[in-house]
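The analysis underlying the following values was restricted to heavy atoms, covering all of them including side chains, and did not include hydrogens, waters or symmetry mates. By convention here, the first residue in the shown sequence is residue 1. All ligand and atom numbering here is 1-based and tracks the order in the structure.
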Amino acid sequence: MIRSYTDYPLQKHHTFGTNATTKYYFEFTETEDLQGFLAASKEWSNWPILILGEGSNMLFVTDFPGLIINPNVPGIRIVHEDRNNIWLEVGSGVVWDDLVEFAVFNRWGGIENLSLIPGKVGAAAVQNIGAYGMEIQNQIESVTGFDLETQTEYTLEASECQYAYRDSIFKNQLKNRFIITSVVFKLDKFPEFILNYGDLKAETEKLGAINLRNIRKTVISIRESKLPDPKVAGNAGSFFKNPIIESLLAEQLRATFPNMPHYPAPEGKTKLAAGWLIEQCGWKGFRRGDAGVHEKQALVLVNYGNATGKEIYDLSEEIKQSVQQKFGVELEREVNVIGE
Ligand code: EPU
């Protein structure tokens, strides 16, 4: 199945829900259809390209002057199984939380802490989604897609994907070039639960037994209590990454701000909580027109109705500057900005 449009409105294709259009839009469910589309015209090779899933991590400041490709490949298929593990090949267009629900229902562990994260499977593999002590890179076995530059389809093993905190090869060398069509996940039949983040263990215990179903329920209720539903108020989850800084600088900051949350990060560095930094600058619950900062989680910027992408972007710039001024820490956007 393909869908192909010119001058196409994107409001329903990204979770901030601001007005924007794209010059061309192409959605497909079979890789052959993509190949057919690309072969039919070489015009696209001069256009800017954007690969878009559910648009849960996008901010359109301007219209998009090129071609948006949406790989909406369906399907979950068991590819291999042994005593301890099961390998699932999942289409990039599968809604991420549908996969988590399916895994938990079948009692396969490894992604339950990632319940209710918006977006689709392809984007999950691009972003290395993470929450409550779990990161998807640990469960990804391989990623298959179509490379627009070489015009070939190939598979990358997880070790080739350059995974790091909210980062991967798909956000760097292969950005808007490698169109992910499927991902193979390795799940555990006898999972070890990861419950050491915040109140996760205590909250799950309140439901009775600690099992996949109850962990999923707890994560969902924690997320629902803290994070706005994009269907109610447009947002893209965390707008910024949690900054990773030199530990010496973190120690200096802690001398002035003893309550500052801090976590160990790779290479002996320290990760700070961007939400805390932003809240300390007085932004939590701030609203100007329809652009605002969520009242329960300062890391989330919100479109309360008719905010423009530019208004949200300008607010994010002000937030960046005030965090820089107060803490000397540079915030990096997690959200992909179009038209910056
Ligand atoms: N905090 C504040 N004020 C705030 C928000 C947070 O003081 O407004 C403090 C909290 O009290 C806590 C610390 O900051 O001490 C961390 O907060 P939280 O547990 O809410 O997590 P986070 O670091 O703000 C990250 C992810 C979320 C993920 C949660 C849970 C990033 C950029 N964000 O947020 O992911 O759900 O951990 O694991 O890493 C997303 O990427 O869209 C997202 C929601």
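Annotation: atom 5 (C) of ligand 1 to nearest protein heavy atom, Gln297 OE1, 2.8 Å.
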- Task: Start with the C-alpha gap between Lys269 and Glu246, add the side-chain angles, then the distance that decides, and say whether salt bridge (charged side-chain N to carboxylate O under 4.0 Å, His left out) holds.
- Result: CA-CA 5 Å; Lys269 294 189 177 179; Glu246 295 299 334; 3.8 Å; yes

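Contact annotation: Arg223 has at least one heavy atom less than 4.0 Å from an atom of ligand 1. Contact between Arg166 and ligand 1 is present, with at least one heavy atom of the residue lying under 4.0 Å from the ligand. Every heavy atom of His294 sits 4.0 Å or more from the atoms of ligand 1.
A ring pair (Phe, Tyr, Trp, His ring centres under 6.0 Å) with Trp47 is found for one member of Phe26, Tyr24, Phe64 and no other, namely Tyr24.
For ligand 1, the polar-atom distance check against Ser238 finds a nitrogen or oxygen pair separated by under 3.5 Å. Close N/O approach between Lys241 and ligand 1 is not found [any backbone or side-chain N/O within under 3.5 Å]. For a threshold of 3.5 Å applied to N or O pairs, the pair formed by Ala298 and ligand 1 contains at least one separation below that value.
The distance from ligand 1 to the heavy atoms of Phe240 drops below 4.0 Å at these ligand atoms: 32 (C).
Of all the heavy atoms in Asp229 and Asn235, the pair that sits closest is C-ND2, 4.0 Å.
Here the straight-line distance linking atom NZ of Lys120 with atom CG of Asn72 works out to 4.0 Å at 0.5 Å rounding.
Take Ser247 and apply the side chain to side chain donor-acceptor pair (under 3.5 Å) test, not counting sequence neighbours, and it matches Thr270.
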